[in-house]
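Just so it is clear, the model here is predicted, and its values are computed rather than measured. Below, read A as the first sequence line, B as the second, and so on, with proteins coming before strands; counting in each chain starts at 1.
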Amino acid sequence: MPQKYPEYPGLNLPKIAAEILKVWEEQHVFEASVTNRDKCPSFVFYEGPPSANGLPGIHHVMGRTIKDIFCRYKTLKGYQVKRKAGWDTHGLPVELGVEKELGITKEDIGTKISVDEYNQACKKAVMRYTDIWNDLTTKMGYWVDKENPYVTYETKYMESVWWLIGELYKKDLMYKGYTIQPYSPKAGTGLSSHEINQPGCYKEVKDTSVVAMFRMNTNQKHAFSLAAEQYGEAFLLAWTTTPWTLPSNTALTVGENIEYALVATYNQYTFKPIAVVLAKKLIAYQFGKGFHSVETKIELDAYAVGDKSIPFLVLDNCFGKDLVGIKYEQLLPYCLPAENPEAAFQVISGDFVTTEDGTGIVHTAPTFGADDARVAAEHNIPAMLVKDDNGGLVPLVDLQGRFRKEVSDYAGMYVKNEYYEASEVPERSVDVLIAIKLKEDNKAFKVEKYEHSYPHCWRTDKPILYYPLDSWFIRVSGQKETMVALNNTINWNPTSTGQGRFGKWLENANDWNLSRSRYWGIPIPIWSTEDGKEKRCISSLMELKEACHHAVSAGVMKVNPLANFKENDMSAENYDQIDLHKHHVDKIILASKNGEPMKRELDLIDVWFDSGAMPYAQWHYPFENKELIDNNEAFPADFIAEGVDQTRGWFYTLHAISTLVFGSVAYKNVLSNGLVLDKNGLKMSKRLGNGIDPFETLEKYGPDATRWYMITNAQPWDNLKFDAEGIVEVQRKFFGTLYNTYSFFALYANIDGFRFDGPTIPVADRPEIDRWIISKLNSLIQDINEAYDAYEPTKAGRLVQDFVTDQLSNWYVRLCRRRFWKNDDAADKRSAYQTLYTCLEQVAIISSPIAPFFMDQLFMDLNRITSKSPFNSVHHCSFPTLNENELDRALESRMTIAQRLSSLALGLRKKEKIRVRQPLAQLLVPALSSEFSQSVREIQDLILSEVNIKSLRLIEDDGTMLVKNIKPNFKSIGKKYGAQMKGISSLVAGFSQEIIRQIEQEGHWVCTVDDAEVTLELADFEISAKDIPGWLVANDGELTVALDITITEELRAEGIAREFVNRIQNIRKEKQFDVTDRICINYSSSPAIERAIEANQSYICAEVLADELVLTTQFASQILIDIDESGDTKVDLQLVTK
RNA sequence: AGUCCCGUAGCUCAGCUGGUUAGAGCGCUACACUGAUAAUGUAGAGGUCCCCAGUUCAAGUCUGGGUGGGACUACCA
C-alpha cells in the first residue's frame, strides 16, 4: 500500500481519463458495478440503438452522457442497472451506402447482383463503424454492455419481431390496403414519413401551375344555372401545381361553408366570353394584373379582343354546399375509370379546402393525392385506375413515373423532367405541354410559374410522387385513447414534450404503414395464396418449420429448409443455421389448407418497428427470458433518454408496440434532450463544416470536463451552443479548484502522515467551521439527490460546482489553512483533516455519475491510503445518505452572515486602501436582534481572522447610535391592504427616526390611508440599521458594519511584522526551501521597522519557521526588501542544517 | 400550416408559488492578496428582462397578441 497521497505536477484531465480507463479495463470495474448488485432491485434502462453505418458526432456524447449519468446514479443508489448496447442494422441508409459502394442501383438488385450477395454486403457494411462507435463509448466513459449487444439482424432478434407481428395479426390489428404514399420512382421505393422529413427534403421549386377550367354540365339545374346561361359557358376553376395529375382528375372538392362567386369575363388566351366559379375571397387574387372590375353588362360587353385589360363582372354568390353534386365535363378525356365511371366528374365537399391560394376549388385526383383519395372514397368517387395487360387496376402513371399508353399524347413521357437522364431531358415538360394544350382548348384560365416547397427523395434528390401503393398497416388509430391514457402515466422531462409534442401526435395517430419495398430488413412474415384469399402469419421458427413440412407434403416445395432446426434449442449453432432475410424466406413456398401454394408478401417491415421491438427482442422474448418481461423484471423501462428528434421515432414506436401488444407503457421516465449546435447557434452540418469531432474534443479536454460542460451549461432539453471555450472554463473553474483543494489536502496530510486511522471525531465535537461545512455537505447531498431523482442533471452539476468552488475551496479551505500547517492542537488538526477528507470523498461519490474518471481517481487517491471504504472504485460505493444530525441550518445561515459581514469589512478596507495585512482594532455591527447577536458572537472569531481585526463589538440600539431605515414588507401588507399599498408606501418612505423607534417599541402602527384604517404590525416592516454616525459604514441588505480605522503604534508594528513575514515567505519560496525547512534570519532596517520586528519577534519566528532572528550589520549575503517608505530593509536567510 | 422549446449584461446561463436595488460565471477595467499560486479576493463599468396590450396595489414572473431563432410534424391542391 502506498504511504502517501499522490501529488501531481498539474491537472491533466485527458491523462487521468486514460489512466483510469486502464484501471477500469484491467479490473473489470464496470462489470463489477453490475454484478455487485446481483440481489438488488433492478433499474431498467433501454439503450436506443444507434445506426452503425454512420460516424458518431459530438451530440452523441451529449445524449450518452445523460444516459450514463442516471445509470451510474441508480447504481450508486443500490440498484442493479443492466444495460445492453444495441445496433440498429437494417434500413435504407445501409442499403444506400452499399449501393453507392458497389456502384449499383436498386434496379440492379436481382440482376447484376443477387439479393443474397446484396444482403451479405449490407451485413458487412453495417458493422463497419462498430469499432469507432465502441471506441467513443469507451473513451467518453459511457458504461454499457458492449460485449453482448442486441443486433437487429440476428435471427433471434428477428424471430421476436415476427412474434410481435404475429400478436398484432392475431388481434386483427394488421391489414392490407392501398394508400397514397410518397414514392420515389428513381429509388423505386415508397418513402416513410420519417424519410420525407429528413432535414432538407422539402425544397423550394418552381413548377408550372395551371388554373384549369372545368366546363359545368348545362343540362343540370344548380345555383348558378340561370346566371350562367346568359353569359356563355360556365366553368369551375381549380388550381394545380402538378398539371400531370389532371388526366387523372375525377372530382372537384369545395368547402361547404366557403362562399363562391360566379364571375363573367373573357379568357385571356382565347378571348372567348366565359363565366367562372371560384371562392369569393380569391376573386381579387385570380383577377389581378390584366383584369379590371366592372359593374354592368354593358361595360363587360364593351370588351374587344386586343384591349389591354380584361373586364370582369361578379354575377352571383352561393355557398360551397350549393355546388355539391354539380357534374362537369372531363377535362382531358383520355380514358375513363375502370370502375364506377358514372360517379366521376362531380363536385364534392372536403374539410381540407382553404381559400389561402388557388381558387377554393380543389382539383381531386384520387390516385395521386392522399387527401384526394380519402375524400373521393368518402363520396364514392372512383379513382382514375385502368386495367393493365393482366387485368390489374393501375393508375395512369407507371412505377417508373411515366405516362401509360392510355394517355396517348404523352405516353411514355416522365411526368417530371427531373426523372430523365441529363442528355434526354425534353425541352417541354409534360406539365408545360398540358398547359399549352389547355390554353389552346379554352380550358386554361391562367398558367404561371409557382414557387412552393415540395418533398424530394432524400437519396436521389429528385422530387417524389404521391402514388398508390399496396401496404401492410398496423391499426394504430383505433388505439389512440389507450395510447394517450398510458402516455399520461409517463414522466416526461421536460413535461411539455410529453404532453405537447408527443401527446398531440398520439391524439392524431394514423395507422402505421409497415411496408417497405426494400431488401435489407426483417421480412413481413405473411404468406398468401395467389388470389389473396388465404393468408398466414408466421410468428416463430418452429411454426415456419411445421408450415414448411406441410408444404413439402403438399408438394409445393421440395425440401424443408428448416429441417435441421431443433425445437427448444437456443444455442447459437441451432439459430445460426437459419437466416430470415428476404433472400432466404422468399424462396419458401407454403401451402394453403387445400394445398395451393402460398408466397410471402414481398415487403419488409419498417425499421422503426425493429427498434421499437427492442424491449422484447433484445431478450429473444418469448422464446427465451420469458420471465424478464412477464414478471416486469426488464420491462417496462424505468428510464430512457434520446434526443427530441426521436419523439415521433423511437419514443413513438416503443410506445405503440407496447400499447398494442402488451397494453402497457414501454418506459416510465423519459428525458429528451435538445440539439447540440455550434457556438453561434447554428446546426452542425457537413456543409457548413462546423461539426465538432467528438474524439478530438475528448482527447484535448478529457471526457470529464466535456461531460461536465455539456451537462451544466444548459438544461438538457434546451439546445446546447457548443463552445470549446466553455470546456476550458469548466476545467479551470471546477476541476482546477477541486484539484487544488485535493493538492492542498495531500500536501499537508503527507507531511503530517494523516491516514484517517485514528478514531473519527464525532461531528458534534468538531469546531464550528467543520460542523458548518459538514452541514453544507449534507444539504448538498439532499439537494443533489432530489435533482438526480427529478432527472435534472444540470441542477445537480451546478450544485456540486457551487459547493466546491464557493463553499469548500473559497471559504472552508481558505479559513482553515492555518489549522493544517500551524496547529499545536492535535485534535483540532485531526478534525480539520477528517472534515476535509470527508468532503472530498463525498464530492467524489456524488459527482461520479457526471465526471466518472476524475472522481474515481480522486476517490482512489484518497481511499488507497486510508482504506476507509471497502470499495476500490467510486462507482461501487453507495450514494451518501443525508445525516439529519449533521444538518444545522442555523449554523449555515450564521455562516452566510459571517461571509457577508467579512465581505463588507473587506470592502471598507479596500475603499480606505488599508491592506488586510494591517491589523485594525475594532469592527462594529449593529445588533438587529438578540438571535442575531448570538449568531454573530458564535462566528466572530472567523470573521475577525478573515478580515484581520482585533475585536468585534455588537452595538445594542440605545436609540441614538444607529440611523435606521424602514421599508414596507410588500408581501405581507399586500395581502391585507393591497389597494392602499401606494399610500402606505409613500407614508413609510417619509417616516422619521422617531416613528421608527416608536413602531419598534409598540410593535404596531395605525393610520388612515385613502379613508381606510390601516393597522400594521412590526412584521409588516423591514427595519435595518443604515448608518452609524461618525463611523465608516457599509451595508448589504439588512446587514451593516462599521470599521474603526485608527491605527495605533502597536497595530502599526504588527502590520509591519506581517509585511516582514510576507517578504520572508516570498524569499523562502524563491529559494525553493521546503515548506518544513527551518531558517536563521539576519536583518537590519530603519529604526521604526526594527522596533516593530523586535516587538513581534516570536510571532515572526513562528510564522516563517525561524530559529533565530538577529538584528545585525554583518551580512554574508543580503537581499533588499521593501516594507514601507521609512527605508531599506536588508535580510539574509540561512537554512538550518539538521 | 400545426405542435413544442427558446428570447434576461459583450458571451454562457440562474431567477421558486407575482413583492419594489434583476443575479452568477466568463470577458473587460482598476486595485489587492499570496507557502492552494498558471490559483484567489474586492470593486467598477455593462440591462428598454424581444415588442405591444391586459390582469393586479404590484409583472422578468400570469394572460392574450405579435416578433425573432430553433426543433418536430404535415395530405398542401
Nucleotide N/O of nucleotides 18-20 of chain B paired with protein N/O under 3.5 Å:
none

Residues Phe820(A), Phe745(A); criterion ring pair (Phe, Tyr, Trp, His ring centres under 6.0 Å); working and verdict: CA-CA 8 Å; Phe820(A) 292 90; Phe745(A) 169 83; 7.4 Å; no
Donor-acceptor pair under 3.5 Å, Ser809(A) side chain vs rA36(B) base: yes
Whole-Å distance separating the CE atom of Met710(A) from the P atom of rC13(B): 13 Å
Trp505(A) side chain, from C-beta outward: closest of rU73(B), rA36(B), rC26(B): rU73(B)
Residue from Thr712(A), Asp783(A), Thr794(A) passing side-chain contact (heavy atoms from CB on, under 4.5 Å) with Leu799(A): Asp783(A)
rC72(B) to rC13(B) separation - C1' atoms, rounded to the nearest Å: 25 Å
Arg732(A) side chain, from C-beta outward: closest of rA36(B), rA39(B), rG70(B): rA39(B)
Any strand: nucleotide that pairs with rC4(B) via Watson-Crick or wobble, under 3.5 Å: rG70(B)
Aromatic plane relationship, Trp505(A) with Tyr652(A) - under 30° parallel, 30 to 60° tilted, over 60° perpendicular: perpendicular
Rounded P spacing from rC11(B) to rG27(B) in Å: 16 Å
Gap between atoms CG and C1', on Leu799(A) and rA24(B) respectively (whole Å): 14 Å
Per-nucleotide protein contact string for nucleotides 6-11 of chain B, where B marks a base within reach and S marks sugar-phosphate only (heavy atoms under 4.0 Å, - for neither): S-----
Sugar-phosphate, base or nothing in reach of Glu725(A), heavy atoms under 4.0 Å: nothing
Nucleotide rA24(B), atom P - distance to NZ of Lys733(A) in whole Å: 12 Å
Distance, rounded to the nearest Å, where Ile727(A) contributes CD1 and rC26(B) contributes P: 17 Å
Options rC13(B), rA77(B), rG41(B), nucleotide nearest the side-chain atoms of Ala714(A): rC13(B)
Side-chain N,O (Arg814(A)) to OP1/OP2 (rU40(B)) below 4.0 Å: no
Closest listed nucleotide, where the reference is the side chain of Asn810(A) and the choices are rU40(B), rG70(B), rA36(B): rU40(B)
Rounded distance in Å between the C1' positions of rA9(B) and rC49(B): 10 Å
Partner residues of Asp511(A) under the side chain to side chain donor-acceptor pair (under 3.5 Å) criterion, sequence neighbours left out: Tyr175(A), Ser477(A)
Candidates rA77(B), rA39(B), rA14(B) - which lies nearest the side chain of Asn740(A): rA39(B)
Asp431(A) side chain to Trp244(A) backbone, donor-acceptor under 3.5 Å: yes
Span that lies between the C1' atom of rU48(B) and that of rA59(B), in whole angstrom: 15 Å
Parallel, tilted or perpendicular, as decided by the 30° and 60° cut-offs, for the rings of Phe722(A) and Tyr709(A): perpendicular
Spacing of the C1' atoms in rG10(B) and rA77(B) (rounded, Å): 49 Å
